[in-house]
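Chain letters run A, B, ... following the sequence lines, proteins first and then strands; every chain starts at 1.
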Number of protein chains: 4
Amino acid sequence: MPKKVDRARRREEILAAAVRVFARRGYAAARIDDVAREAGIAKGSVYLYFDGRESLLHAAFEDVAARSAELLREAAEGDGTAAERLAALVRGAVTELSADRDLARVLLDIWAAGRDADSPVDMAAAYRDYRAAVAALLEQARAEQARAEGVSAEGAARAVVTPDAHAAVVVGALEGCLLQWLFDPAVDPAALAEPLVRLLVPGAGAGAGAGAGSGSGGDGPRPR
Amino acid sequence: MPKKVDRARRREEILAAAVRVFARRGYAAARIDDVAREAGIAKGSVYLYFDGRESLLHAAFEDVAARSAELLREAAEGDGTAAERLAALVRGAVTELSADRDLARVLLDIWAAGRDADSPVDMAAAYRDYRAAVAALLEQARAEQARAEGVSAEGAARAVVTPDAHAAVVVGALEGCLLQWLFDPAVDPAALAEPLVRLLVPGAGAGAGAGAGSGSGGDGPRPR
Amino acid sequence: MPKKVDRARRREEILAAAVRVFARRGYAAARIDDVAREAGIAKGSVYLYFDGRESLLHAAFEDVAARSAELLREAAEGDGTAAERLAALVRGAVTELSADRDLARVLLDIWAAGRDADSPVDMAAAYRDYRAAVAALLEQARAEQARAEGVSAEGAARAVVTPDAHAAVVVGALEGCLLQWLFDPAVDPAALAEPLVRLLVPGAGAGAGAGAGSGSGGDGPRPR
Amino acid sequence: MPKKVDRARRREEILAAAVRVFARRGYAAARIDDVAREAGIAKGSVYLYFDGRESLLHAAFEDVAARSAELLREAAEGDGTAAERLAALVRGAVTELSADRDLARVLLDIWAAGRDADSPVDMAAAYRDYRAAVAALLEQARAEQARAEGVSAEGAARAVVTPDAHAAVVVGALEGCLLQWLFDPAVDPAALAEPLVRLLVPGAGAGAGAGAGSGSGGDGPRPR
DNA sequence: AATGAATGAGCGTTCATTCAT
DNA sequence: TATGAATGAACGCTCATTCAT
């Protein structure tokens, strides 16, 4: 008659406690004892569910990564045009990341820790996947636009910014906006979602240079 | 005052050594002893030039901040249109940050450490300044465009994305692209400079939504 | 009383498991969990049969001590001359100790732990008894020899090495040979039994000083 | 102008303190803090001279091993007959080991710890060397005897106990007598030196089987 | 009786900082 | 100014033991 503890639930409780502590003190200053106290258990018990301190950070990363992966999957499989799905992805990412400020804060520590090649956290792969998904959507979006508007537009757009570079900018902007919010709560992520979409999702609205060609008549965007 | 010069130079040598060590091992794993060895001095001597371990990180941040401030000053005082100056700022920021990978890596640690309100590093202020400068340039750029193209364009663009939000996206994209490069050297910052400019600097080229207004005729960018 | 039997059997199973674990990892590195797993029970159950970790080591010692005591009893009560019984004791001790290498290995830990005066293991008494038994046999053997060969020999031998000292050497040699076997399996205890007997049991064959009798003519060392 | 501390001397002081603590409490129960306090320094300072706790034990072993090696060297290179040198070796070993009871006690812990194959202490090799040296002396001693007394004696002796086995018994007896002294201070090692020599060094006096030659007449055991 | 989750005291080790030289 | 030996507080982790089930 073994005691029945829901290992998975207990693990999640501890992880949530760890995220709160990491967010409050920073990973570097977070003590296992703090995590245990926050979780309402004894220090040693943490080790029944996690391999060690670093393992907690890693688990937090996997949480974030799993959410990201879910968003990417939805964007890839979802309905609507590619532009719509990309816009939804951007909006979703902002919503997701800004939903749990503690977790977002911990992301900074994950970034700092994950920079090492020997880190269990493969940030390079995570962002590579992210970029690849966004780039694919961008290409589809361009194709859609080209179909709707004519070949010249497609050619012109493609000449300007490659999908890969564009994707890097999109992903970067997302993370960069998150970063500013973390440093300064006055930066409202919700208020940045739409600007991100409009500025970076093709066909979603006025881009930065949109005005350039707007009133001018037939002249499309000019390279350089 | 040769002594003063020597002292300043020695301080810089130590800071440079610290940045190398921080970049190599990460701030968390960097030992004062490592820094001293890298600088070719004794451990205790570090304390003759810096208050302590954290002080080294702070000094590294001030280095980065000073370079940023210089760029912002140039952008504010420089010649050319606001759009040109903004483009130059973006290009300069990319160049600057990617010039010293070690320093850029340390930025991750600075971010992680500077997240706390009690940190000596005021990241919030640094990015606030950054955004303000970019927002000012954006507004100027829009004014320039409006002057060149007519009132309707200005109004339309302004309605879509506020300069502050736009600035946050610009700054975020810069930092976010840097981030990706740090995780994955295959991401080439130099190759991202131009895309950043084209996508985010008004009047610099085809924006994401550029195609929207391209072939469509006289109708400017449509909201939503 | 089936319960009693079961309980004793279970206790022995656990002890055997403990001996295997101690032998494998060393007592210092042996975990109660290891013992439990080896015994196929839960960790907490060990405490139903033993007071604690140290108690397991103590029980292992008692096992060894009991076997020794049995050998000593047989030697004291057995048939044959004292020399024969002493030789049998030596051979039996070698056989006994080398029969269970795991247990012999644990002896090292018992020695290390039993060195303290406050240890529950009274090594001093154990070896005192051992020496006393061997010394008694040695004296008897000498008396037998004296009876068979004449007074002068007895007196000479006694003058050289006291029975107590001789016994200490015999016991020491036994333990010392065991020790070497434990460190180096290439040392074959079985091959050392006869040398031990011949070198240290009076009347059992050529001693180290065999040369003493060498000039005596044709009579070489006689087996048995 | 670096502080001048005699590193080697300080290291020895700490090691001596460690040996005292190990002897008092046993290695298993000895705390680094105890060692530091015994040495009159701070806990952390121990690590300036030793890699860790285990390193202290290892260093203690090397001390013992070095003394043994010195004895073996003297025995191999010394003057006198092989029998004399072997006797001197035995006496020297007893003297050496019994000179520092603390160190001898620690030997028990070294034995217990060195039993593992992955231990930094190679007990097997240490005892192999010891046996080899003793075996060589034994063979020489037999040759000397044979030369002095005739071929038949040599053949007879050799037939009985091989030099290797004899050496194992000699080494074992030494260690085994030490062991008994450690458990029971009433066992006087000094009093066992001569018995060891007489019983186990050929030609050194009456061996166990001395009686074998007793029938030869009035010649009792001859010293030396 | 048996379990195994929980506990928490305890220890090895690290390393930022100090300070006598 | 420079050194580097010394310090000792701090912390991650272990694991023997307990006890509710």
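- Between the OH atom of A:Tyr27 and the C1' atom of F:dG12 there is a distance of 10 Å, rounded to whole Å.
- The residue C:Gly52 sits close only to the backbone: its heavy atoms come under 4.0 Å of sugar-phosphate atoms, none of a base.
- No more than 12 heavy atoms of other residues, nucleotides or ligands shown are found within 6.0 angstrom of CG on C:Asp51.
- Residue B:Ala30 is classed as a sugar-phosphate contact, given heavy-atom separations below 4.0 Å to backbone atoms only.
- Computed from coordinates, the A:Asp33 CG to F:dA10 P distance equals 13 Å when rounded to whole Å.
- Residue B:Arg10 places no side-chain N or O under 4.0 Å from the OP1 or OP2 atom of F:dT1.
- Look at CZ on A:Arg25: it is 15 Å from C1' on F:dA10, rounded to the nearest Å.
- When rounded to the nearest whole Å, the span between CG of B:Leu56 and C1' of E:dA16 equals 12 Å.
- Where C:Ala28 and D:Ser45 each meet DNA chain F at their nearest nucleotide, the meeting point lying more 5' is that of D:Ser45.
- Between B:Ala36 and B:Val46 the shortest heavy-atom distance is CB-CG2, 3.9 Å.
- When the nucleotides E:dC11, F:dT7, F:dT3 are ranked by their closest atom to the side chain of D:Ala42, F:dT7 comes out on top.
- Below the 3.5 angstrom threshold, one finds a donor paired with an acceptor across the side chain of D:Lys43 and the base of E:dT13.
- Shown here, F:dC19 forms a base pair with E:dG4; the pair counts as Watson-Crick or G-U wobble because both key distances fall under 3.5 Å.
- Going from atom CD of B:Glu54 over to atom C1' of E:dA16 covers 12 Å, rounded to whole Å.
- Within the 4.0 angstrom heavy-atom criterion, no nucleotide atom of any strand lies near B:Arg37.
- Ranked by how close their nearest DNA chain E nucleotide is to the 5' end, A:Gly40 and B:Gly44 are led by A:Gly40.
- Taking the centre and axis of the six-membered ring of A:Tyr47, the NZ or CZ atom of A:Arg53 falls outside the cone set by 45° and 6.0 Å.
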Take A:Asp34 and A:Arg31 through the test salt bridge (Lys or Arg N to Asp or Glu O under 4.0 Å) and record every step on the way to the result. CA-CA 5 Å; A:Asp34 299 330; A:Arg31 306 294 142 225; 5.3 Å; no
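- Among the atoms of the strands shown, only primed sugar atoms or phosphate atoms (P, OP1, OP2) are found under 4.0 Å from some heavy atom of B:Tyr49.
- Closest to the side chain of B:Arg53, from the set E:dT3, F:dC15, E:dA16, is E:dA16.
- For the pair A:Arg24 and A:Arg105, the minimum side-chain heavy-atom distance is 4.5 Å or more.
- Comparing B:Ile41 and A:Tyr47 by the nucleotide of DNA chain F whose heavy atom lies nearest to each, the residue mapping closer to the 5' end is B:Ile41.
- At whole-Å resolution of the value, CG in A:Leu48 and P in E:dG8 are 13 Å apart.
- Closest to the side chain of B:Arg31, from the set E:dA16, E:dA2, E:dT7, is E:dA16.
- Nearest heavy atom pair, residue B:Tyr49 against residue B:Arg11, reads O-NH1, 3.0 Å.
- With F:dT17, E:dT17, E:dT7 as the candidates, the nucleotide lying closest to the side chain of C:Ile32 is F:dT17.
- Between D:Asp34 atom CG and E:dG10 atom C1' the separation is 12 Å, expressed in whole Å.
- Distance CG (B:Asp51) to P (E:dT17): 9 Å, rounded to an integer number of Å.
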